[in-house]
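Letters A, B, ... mirror the listed sequences (proteins, then strands); counts begin at 1. For clarity, every value in this text was computed on a predicted model and none was experimentally measured.
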There are 2 protein chains.
Amino acid sequence: MKKKKSPGPKDDSQARREEMISRLKERGFRLTPQRLAVVEILSVSSGHPSVERIYEEVKRRFPTTSLATVYKTVSVLKELREVLELGFPDGSNRYDGKKPYPHPHLICTRCGTVIDPDIPGIDHLAEELGRSYGYRVLHHRLDFFGLCPRCQED
Amino acid sequence: MKKKKSPGPKDDSQARREEMISRLKERGFRLTPQRLAVVEILSVSSGHPSVERIYEEVKRRFPTTSLATVYKTVSVLKELREVLELGFPDGSNRYDGKKPYPHPHLICTRCGTVIDPDIPGIDHLAEELGRSYGYRVLHHRLDFFGLCPRCQED
DNA sequence: CTTCATGCAAAACATTTGCAGCTGG
DNA sequence: CCAGCTGCAAATGTTTTGCATGAAG
């Protein structure tokens with residue numbers, strides 16, 4: 001009875017992977033093994049991996065892959081709006097290929113864990129705000145920083 | 001009848017400047033002319049100036065001032081929680097000496113204008129969120145990006 | 001085949017750091 | 001006086017770029 005309402009995480013990943021591949025194709029980008037590997041990793045990872053992390057994973061399958069290529073591919077996906085970039089002022093970057101649209105994050109500043117809390121109403125707030133100030137609001141970002149349960153113990 | 005309820009912007013600035021100077025003093029930091037100039041600018045500017053911008057202003061009064069000194073001073077004020085750093089992933093940094101605590105921003109991505117919209121309830125949301133996820137939420141950040149009225153015209 | 005992607009290395013760039021000399025308190 | 005600050009320049013570290021080679025379509 002819930003087969004359709006809540007597809008398993010595997011189905012989600014697969015759908016995202018296919019979506020990303022379609023977009024790349026239709027925009028005329030080549031589907032190289034390296035790109036497919038990056039897409040694969042982004043569609044599967046729920047931990048908001050960093051470029052470095054993606055690089056490590058890709059190298060596991062294609063040892064010659066360069067960091068520059070990962071940067072380039074991620075950049076392409078970002079432009080296609082198929083991945084959400086969570087850049088931080090300190091230079092670190094995390095990527096979300098599962099939910100490539102603005103949404104809140106709850107971030108542990110010690111271990112780096114990033115989770116997606118459920119906070120409805122932010123998109124609506126963005127619209128409202130734009131109206132009151134005469135701005136055309138295009139995107140937004142809401143991050144909460146703190147210590148996760150585990151990191152509070154030590 | 002409203003003398004006490006809403007102090008003018010000049011009074012605010014003065015209060016902030018004195019507050020910052022007190023903090024520096026009580027923590028044993030020296031009050032050099034360069035530092036005082038940085039403090040002055042931060043307490044007066046409502047436009048969320050960048051380091052570069054602060055540097056330009058300081059140089060007007062103390063032409064020999066180096067960029068490194070501005071960075072160091074701003075960094076000190078940041079640690080004392082007397083200035084809010086708004087760092088962006090692209091490397092740009094804006095500073096707010098008037099409201100050195102987390103608050104939402106509405107940012108024009110074209111001209112760089114930053115304003116402080118009034119959005120009550122965010123702090124409360126942070127608390128609530130921490131409770132539901134077991135996190136100790138220490139700070140947060142909420143930015144809306146878009147085009148200001150003027151930049152929409154062109 | 002032609003064009004675009006890859007991968008290496010070098011460039012780019014804002015911020016940080018080391019250190020000699022200066023100066024606030 | 002003298003620890004801390006300034007200012008110069010060099011270092012840092014990550015992301016970007018140029019270009020020759022290689023592979024997708």
Side-chain angles (χ1 to χ4, degrees), chain A residues 20-42 49-80 82-95 112, chain B residues 20-41 48-80 82-95 112:
Chain A
M20 291 194 233
I21 291 172
S22 298
R23 281 277 187 289
L24 286 169
K25 259 190 198 160
E26 75 189 27
R27 296 288 191 106
F29 290 100
R30 286 183 185 164
L31 301 179
T32 65
Q34 294 90 334
R35 277 188 181 159
L36 290 174
V38 170
V39 163
E40 173 72 21
I41 289 157
L42 283 170
S50 63
V51 169
E52 206 65 41
R53 187 86 183 73
I54 295 168
Y55 176 53
E56 299 299 333
E57 294 277 343
V58 175
K59 269 208 302 194
R60 217 181 271 179
R61 303 173 207 185
F62 299 93
T64 71
T65 306
S66 71
L67 192 53
T69 294
V70 176
Y71 271 109
K72 285 167 186 166
T73 298
V74 162
S75 187
V76 164
L77 289 169
K78 185 174 55 177
E79 276 159 37
L80 295 181
E82 286 301 320
V83 71
L84 181 71
E85 182 181 62
L86 274 189
F88 296 94
D90 70 353
S92 58
N93 279 291
R94 306 287 290 265
Y95 294 87
Chain B
M20 290 193 235
I21 292 173
S22 298
R23 281 278 187 289
L24 286 170
K25 260 190 196 157
E26 75 187 28
R27 298 289 191 105
F29 290 99
R30 285 185 186 163
L31 301 179
T32 66
Q34 294 90 332
R35 276 187 183 160
L36 289 173
V38 171
V39 163
E40 173 73 20
I41 289 155
H48 308 73
S50 63
V51 168
E52 207 64 40
R53 188 88 182 72
I54 296 167
Y55 175 55
E56 299 300 333
E57 294 278 343
V58 174
K59 269 209 302 195
R60 218 180 270 178
R61 303 172 207 186
F62 300 93
T64 70
T65 306
S66 71
L67 192 53
T69 295
V70 176
Y71 271 109
K72 284 168 186 166
T73 299
V74 161
S75 186
V76 164
L77 290 169
K78 187 174 51 173
E79 274 160 37
L80 295 181
E82 286 302 319
V83 70
L84 181 71
E85 181 180 60
L86 273 190
F88 296 94
D90 70 354
S92 58
N93 278 292
R94 307 287 290 264
Y95 294 87

Do the non-hydrogen side-chain atoms of [X] and [Y] ever get within less than 4.5 Å of each other?
| X | Y | result |
| --- | --- | --- |
| B:Glu85 | B:Tyr95 | yes |
| B:Ile41 | B:Arg61 | yes |
| A:Glu57 | A:Val38 | no |

Atom [atom1] of [X] and atom [atom2] of [N]: how far apart are they, to the nearest Å?
| X | N | atom1 | atom2 | result |
| --- | --- | --- | --- | --- |
| B:Glu79 | D:dG4 | CD | P | 15 Å |
| A:Lys25 | D:dA24 | NZ | P | 14 Å |
| B:Arg94 | C:dA14 | CZ | P | 15 Å |
| B:Asp90 | C:dA14 | CG | P | 10 Å |
| B:Lys78 | C:dT16 | NZ | P | 6 Å |
| A:Leu36 | D:dA23 | CG | C1' | 13 Å |

- Task: Return the residues of residues 49-67 of chain A meeting this criterion: a heavy atom under 4.0 Å from some atom of DNA chain D. Order them by number, or give none.
- Result: none

- Message: Any residue in residues 27-35 of chain A with a heavy atom nearer than 4.0 angstrom to DNA chain D? Just list them by number, or reply none.
- Response: A:Arg30, A:Leu31

For a quick test of reading the model, state the closest non-hydrogen atom pair linking [X] to [Y] and the distance between them.
| X | Y | answer |
| --- | --- | --- |
| A:Arg35 | A:Arg30 | NH1-O, 3.0 Å |
| A:Ala37 | A:Val58 | CB-CG1, 4.1 Å |
| A:Asn93 | A:Phe88 | OD1-N, 4.5 Å |
| A:Leu77 | A:Val39 | CD1-CG2, 4.1 Å |

- Got a second to check how far B:Glu26's CD is from B:Leu80's CG, nearest 0.5 Å? 8.5 Å

- Message: Quick check: any donor-acceptor pair below 3.5 Å linking the side-chain of B:Lys72 to the base of D:dG7?
- Response: yes

